[in-house]
Amino acid sequence: STDLAPLNSDTEKDRIDWSQVEAKFGTFPKLPEGTKAGAVSKTLTNEYWRSLGEGYKAFGDKVGIPVVYQAAQSEGDQLGQLTIAEGLVTQGYNVLLVSPQTDANLQPIMEQAKAANVPVVNVNDAVIPQAEHYVGNVQRDNGVRVAKWFIKNRPNGGKVAIVEGQAGVYAAVQRTDGFKSTITEGGKFEVVASVPGNWDRQTSYDAAVNILQQHPDLIGFYANNDGMALGIVEAVKAAGLQDKVAVFGTDGISDAYASIRAGELTGTVDSFPVLTGEVALETALRLVAGQKLPRVVATPQALITKDNADRYSGPGARKALLEDAAAGQ
Amino acid sequence: MSDTILVQPRAEFMRGVSMRDAGTLIGLVVILAVFGALVPGFFAERNLINILQQSSINACLALGMTLVIISGGIDLSVGPTAALSAVISASMMVAGVPFPLAIAAGFAIGLACGLVNGLLVAFVGLQPFIVTLGTLSTYRALALIYTGGNPVLGLPAGFRAVFNGSLFGLPLAVIIVAFVAVVAWVVLKKTPFGEYLLAVGGNEEAAYIAGVPIARTKIAAYMISGLLAALAAQILIGRLGAAEPILGNLWELDAIAAAAIGGASLMGGKGSVVGTILGAVILGAMRNGLTLMNVQSFYQLLATGLIILAAMLIDRVTRGRG
Amino acid sequence: MSDTILVQPRAEFMRGVSMRDAGTLIGLVVILAVFGALVPGFFAERNLINILQQSSINACLALGMTLVIISGGIDLSVGPTAALSAVISASMMVAGVPFPLAIAAGFAIGLACGLVNGLLVAFVGLQPFIVTLGTLSTYRALALIYTGGNPVLGLPAGFRAVFNGSLFGLPLAVIIVAFVAVVAWVVLKKTPFGEYLLAVGGNEEAAYIAGVPIARTKIAAYMISGLLAALAAQILIGRLGAAEPILGNLWELDAIAAAAIGGASLMGGKGSVVGTILGAVILGAMRNGLTLMNVQSFYQLLATGLIILAAMLIDRVTRGRG
Amino acid sequence: MSPRLQFQGISKLFPAVRALNDVSFSISAGEIHGLLGENGAGKSTLLRILSGVYRPTAGSILIDGKPVTLANPVAARAAGVAMIHQELQEVPRLSVAQNMFLGQPLTRGGIFVARREQERRAAEALAAIDPSIDPAAPLGTLKVAQRQIVEIARALLDRARIVAMDEPTSSLTPSEFERLAQVITGLARDGVAVVYVSHKLDEVFGICRRATIMRDGVVIDSVDLKGLSEKAVVAMMVGRELAQERHTSHASNEVMLSARGLSSTTKVRDVSFELHRGEVLGIAGLVGSGRTELLRLLAGADRATAGTIAIDGKATRFSSPRDAIAAGIGLVPEERKREGIVPLRSITSNMALASMGVFAPRGVIDHARLKRVAIDKMGRVNLRPFLLDRPIRLFSGGNQQKAIIGRWLAAGTRILLFDEPTRGIDVGAKAEIYHLIEELAREGHGVIVVSSELPEVIRLADRVLVMRDGSIAAELHRDDISEQAIAAHAIPQTQDSR
Ligand SMILES: Nc1ncnc2c1ncn2[C@@H]1O[C@H](COP(=O)(O)OP(=O)(O)OP(=O)(O)O)[C@@H](O)[C@H]1O
Ligand SMILES: Nc1ncnc2c1ncn2[C@@H]1O[C@H](COP(=O)(O)OP(=O)(O)OP(=O)(O)O)[C@@H](O)[C@H]1O
Ligand SMILES: [Mg+2]
Ligand SMILES: [Mg+2]
């Protein structure tokens, strides 16, 4: 709606941490008969988005609400995603959960949904400026966490490199910026390269090979997602530098965990897509039930390394995150 | 083989171009019938309008693409052209320039992008595929650099109303594109330029000897394609209320698919406005239907591929050689 | 106009194909010189090897693409073909199938994908662009469905060693692709099949009348393209240690760009193995140089576009019509 | 003994045309059999059926008394049929030898193409007609005439039992025909049956003893040519008597076009001449003497490196054919398929291409007017069949040529340049075109005719320029024009014709 300021999910004041929702708004309310939820995400070709869908489904099953989960045919298919979202509105779903390809491509949905009196929850990644509800993590914080790891564990500083996602995509821009500005603050670290990896393993591999060749004294890579990070790991191994170069990814997909456990990938920033999905659907359904939630519900993330990988995987993750949240208060 | 190559094309001509379009129409009818049978509410007026609206942007681009293809070329740069035009005119609007002026500027950008393509193809003599592959990256980069990668938000309501309104229950975007289609049809069928396009794509050397202005004709085709990309961009940003530098990703493939389903030959010299519009609607109806059936995205992708092939097959069977 | 179209082709024939390759070589030399001047260490042996290694996958695809383009077609489906072949042979390896067998299976998939393309083009008579646009989606969807969208990890070390080894200081992948290039050159220049390709793409009707097996020639071209896509996939998964269903995204554009920079004409009947290899190295050197210069992503995109255009221009100037 | 080749009741239906209707005749071994008929009579269609390119709608073909199925060109070849197609069937980028062996290359070990061997054998086959052709040269670099010779030589490689020749000499000079005639008689001596299609009746009378005459898809008669007059044969072909006309000059003194010192990179060197109103100016010369290039300069298709062209006394520069057309000049090109027609477009569109401005005075084409003009002009050139909306590629060569002439009539062109105007055109249409050219001259047009057929030049021209090596070797006025005179000036001192 027009009187809302354009959303910046990272800085919005009207926010609540996911761990606080139950405390503030009580147990999950009863929903009208026949409530059904529709969700549209970016693509299913990335595990992150499939896990998000699992979260939706898990919560839907728990509370007995059917959820339809659709995705565009490829990342970047902006109009295709809009078509899907329009279809969901036409079909009379009671609430929509959308993870837009870009900040703008699902904008028309906001108006159509409003007209149909259907709440829309923007879940993660790109941010629709007029979104009234957003569930997700602080993208910038991804990069910040990795930078902090370097500052703590490599006190002497050194050269680091960034492999970015698709040029111009919100998450990539924010994550990169968070990392870059945090790590350069103390003056000990130098970002010697920040190049596009286009979310693509092969491109990232080639970029990493070139960077390592030019800067054999590099101490670390930060990649905007895990697929790219796993490509970089191979390049580091091929150069025989696995003991000297730390590699971090983002997302926390299962392959990243496996690689971390195998001692190859140094770490990843897990944003817990399954949990995010559960929280998002819970938020959405609470809106359907008439509750007034803050504009942003922040979901957790954690820097995963070999030391803590077990704590954050499997069914124990939720508990661990609640503990973290409690400790953070 | 022999009959295929040497005899059937003649058959096709005998029956005339409209037979070819009839083939495409049959393809559309089959697809509509299948979805109609499978999806309740597919034939609801509201959904049919949705299909038209969702097809309109692709149809707009595909019309320009058809003209370029007829001239023997191809334009891969339509998406980035649209993006560049969108971000520039949007930032003008946001900066307070009256929106008709900003729209005109957007159109000028589209024309300029087309002009560059056209000059490289017609005067420098480079291959259209490669020229527009190069400008595909170049224009996209310009749009990204211009905006720093950020979307341009806050388009004036007056502007958005122009492209979001309806007339006689039809979305204005659909009406605009229908109008463009009529103009394109007239241009192709009734003007010297249309004849020139067909001649240049059909036999460039003969056209040259007959005094056809080859370079001008080709350049004009690319400029029209650029202009229509800019129009598609305006329609889209009107709908979205924002202009993004990454808008128009992969538009070229849909536009080419629509033109080809509609009977354009990538060898040049052949193509139909009516066919292209039907082709765009086939693709739009398919997306719409698959979504309503809640088909999972991998299977949607599969269906997209198979339906493009099926449309070409149906079409092939109904009229002879592709 | 007149000079461009009507006179220069004669001149070009006179000078023969190797002049054309010399043009591409000049393009490469210019690009190398520019980066050499701007990037310290660009000419380091290690970096030159890197460039070759990074160009090898595209070169492999582009060789197949060149044959298809010479035959008058195009293969947009190379990326998804590679992906399908990669995930299937990777999951066989992971399931414990000896890797030579799994590689063979991957090659068989590549051949099968090419066969489908070839049959649709040659027997059904559909336009190559549209056929492979359709199979582009179809094969990708199959790869995604087969894996559920997940990468296949844990490839055996023995397999990875094959594609990651070196010989005489050169990466094996480079040697394999060089070998493929030599074979392709021999096939094109010295065998009846090479002549058939040139004839089918140069004048299909004349080829038919002369008794050239048109359909078989076209089908073989697509199958070779599929096979080389599968080979590229093996090289890549050997290097990355994982096979992803989304692997090979946009490979077709790079491969087409390499072939075109190397002198292949998308109208068919023309193309050069040497040129294509040079084209692939031009693109690889450019990516490498831009990364080493740490050019920001928007400007990398800009440079990519401009260099494709510049390569075509240099080439145009050095030898006549594109 | 049964005849070598028998056509039995062959019919061929195309969607709108019955191209052949119950065609039957036979040819014995060692016979050179002429096949005569006007454009569109169905000669090429019949030979295309014989060579496996088309399949007949009805009827059968017998070779040595046995019915054969010629499902495709390979099958026809296997059955012993070699064919020289009317349209050159070539791959320009491949070498002469590669083209000749296309589809059945000689190989080493079944794997590699035996280039040398192919070139050697190609040179052997070419030697009989034109030894100067380099078998290793890319075919696209050769002149049309040489390419036609390659096409002929290719058919000789096959050692076929039947050789079908569809207008093999349409762009050859008389001396080249002489050498071809020897080759053909040699074939016949070896027992090959030869089907020979040509619009040049003197050739047919020269080498054929028998001929079959077709009209509108049916056989009129198979006749013994001995004792028949050309006139009688022509009468059978066209179904009426052709009046033999005498040339009358309409040339005035008014200079329409004058060229001064024209030169080009393509061949033309320092050419100067004048063309008068109402004049038919012939340009003769050997193949390769630069006639086509001169016409292309005049038509604005190539650019001159030196010299001037003046129209009605006003100096002009042409940077494209468009400029020349605006100045009132139009070219009827030598290679119709490549430079003349837009194959997929209708007769009407092809006709209107050069004068779109006239038909679209307000930007939109006035189709009613276009149609009127098309009916008028195509009526005048006597297009057959009179189907104005039919794509031009479906018409026979002669009718395509008529449509191109109609193009310039519709454009109101004042100076027409004809390059080999009757190449591949039958006697009937030829007479019509001659008549048209004279009528154009009478109406005050200026006409330039380049032709390799000397009788044609003599028949038409008021004045003849003879070209040699890119420049004008002689100018012959009406009374001096004779085959001997032209030949004397055309042949270079070195006696080397190419
Ligand atoms: N593939 C085709 N489809 C339709 N009509 C055709 C086709 N081929 C030939 N025709 C028509 O069949 C008739 C016979 O044509 P054909 O080419 O055999 O004549 P021709 O005797 O060889 O003439 P020319 O002397 O001009 O070469 C013509 O009316 C022609 O337009
Ligand atoms: N494709 C080509 N490449 C190089 N030279 C060519 C080419 N075509 C023609 N030439 C040369 O140009 C010269 C003049 O040819 P031109 O076509 O003018 O001859 P012409 O007198 O018109 O003969 P024709 O009787 O064939 O019309 C010839 O020496 C020929 O070798
Ligand atoms: Mg004929
Ligand atoms: Mg000539």
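Naming: A, B, ... by sequence-line order, numbering from 1 per chain.
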Item to check | Aromatic ring proximity, centroids under 6.0 angstrom, A:Phe179 and A:Phe248 | outcome: no

Please classify the contact between [X] and chain A as side chain, backbone, both or neither, with a heavy-atom cut-off of under 4.5 Å.
X	value
C:Leu144	side chain
C:Asn150	both
C:Leu247	neither
C:Leu292	both
C:Arg140	neither
C:Ala44	side chain

Checklist entry - Just wondering, are more than 12 heavy atoms of other shown residues or ligands nearer than 6.0 Å to OH in C:Tyr146? => result yes

Region of [X] that comes under 4.5 Å of a non-hydrogen atom in chain C:
X	value
A:Glu164	side chain
A:Ala193	both
A:Arg50	side chain
A:Val192	backbone

Checklist entry - Of all of A:Gln73, A:His215, A:Arg201, which one pairs up most often with chain C through heavy atoms under 4.5 Å apart? => result A:Arg201

Checklist entry - Top residue by heavy-atom pair count (under 4.5 Å) with chain C, among A:Glu234, A:Lys237, A:Glu47? => result A:Glu234

Checklist entry - In Å, rounded to the nearest 0.5 Å, how long is the span from CG of C:Leu76 to CG of C:Leu250? => result 11.0 Å

Next on the checklist: Looking at C:Arg287 and A:Asp206, is there a salt bridge between them, counting it only when a charged N and a carboxylate O are closer than 4.0 Å?
Outcome noted: no

